[in-house]
Amino acid sequence: MTPRLDLIGIVTADMAASLAFYRRLGLDIPADADTEAHVEAAGPGGLRLAWDTEETVRSFDSDWSAPPHGAGRVGLAFLCDSPAEVDTAYAELTDAGHEGRHAPWDAPWGQRYAVVLDPDGNGIDLFAEN
């Protein structure tokens, strides 16, 4: 048996803020999940994203301590349908108060690219083929 990527986990300091951010990126996450300690959402192709509160992680790993905000322990990339959608998604997220790390640009590798930070400081890439 060969291991396969099945789940990307995010440890969050604020579940509601983190889930709201990912809902803005189109993930279908029920509103009543905001108060849960562990949440999962299935993405395209069955890949799952999971969120755990810091308290949940400490419940099974008492030595765990939260990395500094913005440590970039998780990186996710969201494919957009067009370069214009990269610009629109970036604007919508930053207009909603999320920190932009790198405004949209035409990357030398042939993609329109931008980076915005989620509420826990993780870099979230937005990209589309140019």
Side-chain angles (χ1 to χ4, degrees):
M1 181 171 140
T2 302
R4 61 179 170 37
L5 180 61
D6 181 67
L7 182 139
I8 297 170
I10 299 170
V11 178
T12 182
D14 184 335
M15 184 67 78
S18 188
L19 297 181
F21 177 87
Y22 289 97
R23 284 183 190 108
R24 287 183 176 277
L25 285 169
L27 295 181
D28 184 21
I29 306 166
D32 63 354
D34 288 359
T35 59
E36 298 295 322
H38 175 85
V39 176
E40 291 188 19
L47 181 64
R48 296 174 299 137
L49 283 176
W51 295 261
D52 288 298
T53 63
E54 292 175 352
E55 294 77 20
T56 299
V57 174
R58 283 190 199 99
S59 76
F60 61 82
D61 184 356
S62 60
D63 293 333
W64 183 85
S65 62
H69 185 80
R73 304 279 180 168
V74 174
L76 302 175
F78 283 77
L79 173 63
C80 298
D81 288 333
S82 68
E85 187 179 11
V86 171
D87 296 358
T88 299
Y90 181 87
E92 288 176 357
L93 290 165
T94 56
D95 288 350
H98 300 287
E99 182 180 343
R101 177 64 142 208
H102 198 302
W105 83 98
D106 292 324
W109 53 86
Q111 295 174 330
R112 184 73 172 165
Y113 225 87
V115 182
V116 65
L117 300 181
D118 78 359
D120 293 294
N122 297 305
I124 306 302
D125 299 350
L126 306 168
F127 72 99
E129 296 301 321
N130 261 336

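Among residues at least two apart or in separate chains, ring pair (Phe, Tyr, Trp, His ring centres under 6.0 Å) pairs with a member in residues 26-66 are Tyr22-Trp51. Identified under the salt bridge (Lys or Arg N to Asp or Glu O under 4.0 Å) test for residues 102-116, with sequence neighbours left out: Asp87-Arg112, Asp106-Arg112. Pairs of residues two or more places apart, or lying in two chains, that qualify as salt bridge (Lys or Arg N to Asp or Glu O under 4.0 Å) and include a residue from residues 44-55 are Asp6-Arg48, Glu40-Arg48, Glu54-Arg58. The ring pair (Phe, Tyr, Trp, His ring centres under 6.0 Å) analysis of residues 89-108, with sequence neighbours excluded, yields the pairs Phe21-His98, His102-Trp105, Trp105-Tyr113.
For the side chain to side chain contact (heavy atoms under 4.5 Å, CB included) with Glu99, the lone residue among Thr94, Asp118, Leu117, Val116 that qualifies is Leu117.
Residues Asp120 and Ala13 share a closest heavy-atom pair of OD1-N, 2.9 Å. Minimum heavy-atom separation, Ala114 to Ala103: CB-C, 4.2 Å. Between Ala128 and Pro83, the shortest heavy-atom contact is CB-N, 3.7 Å.
With Ser59 contributing its side chain and Thr56 its backbone, the two residues share a donor-acceptor pair below 3.5 Å.
Rounding to the nearest 0.5 Å places CG of Leu126 at 6.5 Å from CG of Leu93.
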Without placing hydrogens or testing angles, list every side-chain donor-acceptor pair under 3.5 Å for residues 24-37, not counting sequence neighbours.
from  : atom 1 : to    : atom 2 : distance (Å)
Asp34 : OD1    : Arg23 : NH1    : 3.1
Asp34 : OD1    : Arg23 : NH2    : 2.8

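Ile8 and Met15 fall within the same hydrophobic cluster, where Ile, Leu, Val, Met, Phe, Trp and Tyr residues are linked whenever their side-chain heavy atoms come under 4.5 Å apart, directly or through other members. The cluster map of Ile, Leu, Val, Met, Phe, Trp and Tyr, joined by side-chain heavy atoms under 4.5 Å apart, puts Leu49 and Val57 in different clusters. One hydrophobic cluster holds both Trp109 and Leu79 under the rule that ILVMFWY side chains link at heavy-atom gaps under 4.5 Å.
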* For Asp125 and Phe78, run side-chain contact (heavy atoms from CB on, under 4.5 Å): C-alpha distance rounded to whole Å, both residues' side-chain angles, the deciding distance at 0.1 Å, then the answer. => CA-CA 6 Å; Asp125 299 350; Phe78 283 77; over 6 Å; no
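Scanning for salt bridge (charged side-chain N to carboxylate O under 4.0 Å, His left out) contacts around Asp14 gives an empty result, with sequence neighbours left out.
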